[in-house]
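Below, read A as the first sequence line, B as the second, and so on, with proteins coming before strands; counting in each chain starts at 1.
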Amino acid sequence: MTLRQLKKETRVLPRAFFDRPAEAVARDLLGTVLVRRANGATLAGRIVETEAYLGQGDRAAHSARGVTERTRVIFGPPARAYVYLIYGMHYCLNLVAEPEGTAGCVLLRALEPLCGVDEMRRLRPKARRDRDLASGPAKLTQALGVTLDDYGRDVLRGDLTVRAFHYPTMHKTAIGPRIGINESRELPLRFHIADNEHVSVR
DNA sequence: CCGCGGATCTTCT
DNA sequence: GAAGATCCGCGGA
């Protein structure tokens, strides 16, 4: 898909979209498009897998132990980026949900590349196939060049935005337990597009 | 295709 | 001092 087509067929999601329960935001983000400007190029991918992290009763969430230097953005206004370093070497990107003062965010786990695939390959040379480019939370940040510099960034304008198609785009949503956590395993907070080649775990 | 272990460092106990 | 919202390369089937 060309960038021109994308801009014509989509609009930037408003803050009200994110000012809702994290579960609803995670589900509704499926099928929308994450757009990134990096190194003079514009990269975009369809969001095909997300996970919700809640404010209360979710012991797997980073926000479960209250406000810290790292987690403060999760408690702030919606539609901001929460980026963190995991295992000392990878970054993960979340979008903050819920009204200001309430914790909640959505981990972006996988994209289906739509625009700027050449630049994504430069940023992520280890990817062999297109479906290796962003089929995992840290692969996604590598492919888009997202780092701690993006911590707290507003996603309504600027170099990182989310856009939805004007026309309805149908898909079947699959729901299950989140990946790679030990606490609150039983909560069905992982959402992905069923039968999509680009999700992290198939 | 599958399972295993190493890399590497911030955060919280 | 240990665990962690992960990825990759290796070896074997």
Quiz prompt | Among dG4(C), dC8(C), dA5(C), the nucleotide that comes nearest once only the side chain of Q142(A) is considered | solution = dC8(C)
Self-check item: Selection from dT6(C), dT10(B), dG4(C) that lies nearest to any side-chain heavy atom of A138(A)
Solution: dT6(C)
Practice problem: Round to the nearest Å and state the distance from R65(A) atom CZ to dT10(B) atom C1'. | Solution: 14 Å
Exercise. Could you please name the option among dA5(C), dC7(C), dG9(C) that lies closest to any side-chain atom of K126(A)?
Key: dG9(C)
Practice problem: Please report, rounded to the nearest Å, how far the C1' atom of dC7(C) is from the CG atom of L85(A). | Solution: 13 Å
Self-check item: Protein-nucleotide distance (M89(A), atom CE; dG9(C), atom C1'), rounded to Å
Solution: 14 Å
Exercise. Starting at atom NZ of K139(A), determine the distance to atom C1' of dA5(C), rounded to an integer number of angstrom.
Key: 15 Å
Self-check item: From CD (E197(A)) to CD (E112(A)), nearest 0.5 Å
Solution: 9.0 Å
Quiz item: What's the shortest heavy-atom distance between L133(A) and P113(A), and which atoms?
Solution: CD1-CG, 4.0 Å
Quiz item: I86(A) CD1 to dG6(B) P: how many Å, rounded?
Solution: 19 Å
Quiz item: Got a second to check how far Y82(A)'s OH is from C105(A)'s SG, nearest 0.5 Å?
Solution: 7.0 Å
Quiz item: Touch check for L107(A), heavy atoms < 4.0 angstrom, all strands: base, sugar-phosphate only, or nothing?
Solution: base
Exercise. Identify whether any heavy atom of N94(A) sits under 4.0 Å from a base atom; if not, whether one sits that close to sugar-phosphate; answer base, sugar-phosphate or nothing.
Key: base
Self-check item: Closest heavy-atom pair and its distance - L108(A), L140(A)
Solution: O-CD1, 3.6 Å
Practice problem: May I ask you to say what A60(A) touches in the nucleic acid, namely base, sugar-phosphate or nothing, with a heavy-atom cut-off under 4.0 Å? | Solution: base
Quiz item: Can you tell me how far C1' of dC2(B) sits from CZ of R202(A), to the nearest Å?
Solution: 15 Å
Quiz item: What is the pairing partner of dC1(B), taking Watson-Crick or G-U wobble pairs with both distances under 3.5 Å in any strand?
Solution: dG12(C)
Practice problem: Counting heavy atoms from C-beta on, name the nucleotide in dC8(C), dA5(C), dT11(B) closest to the side chain of R70(A). | Solution: dT11(B)
Quiz item: Looking at T68(A), does any N or O in its side chain come under 4.0 Å of the phosphate oxygens OP1/OP2 on dC12(B)?
Solution: yes
Quiz item: Does any N or O donor sit under 3.5 Å from an N or O acceptor when you compare the side chain of Y87(A) with the base of dA3(C)?
Solution: no
Quiz prompt | Separation of dT11(B) C1' from L148(A) CG (nearest whole Å) | solution = 13 Å
Exercise. Name the residue closer to the 5' end of DNA chain C, choosing between R124(A) and E183(A) according to the nucleotide with the nearest heavy atom.
Key: E183(A)
Quiz item: Within the structure, does a side-chain N or O atom of H62(A) lie under 4.0 Å from either OP1 or OP2 of dT11(B)?
Solution: no
Quiz prompt | Who pairs with dT8(B) - Watson-Crick or G-U, where each distance is under 3.5 Å | solution = none
Practice problem: Give the rounded distance in Å between these two atoms: CD1 of I179(A) and P of dG4(C). | Solution: 16 Å
Practice problem: For dT6(C), take OP1 and OP2 only and decide whether either is under 4.0 Å from a side-chain N or O of R109(A). | Solution: yes
Quiz item: Does the distance from a Lys or Arg side-chain N to an Asp or Glu carboxylate O, for R202(A) and D195(A), drop under 4.0 Å?
Solution: no
Quiz item: Does any donor atom in the side chain of R109(A) or S200(A) lie under 3.5 Å from an acceptor atom in the other side chain?
Solution: yes
Quiz prompt | Residue H90(A), side-chain atoms from C-beta onward, closest of dC7(C), dA5(C), dT8(B) | solution = dC7(C)
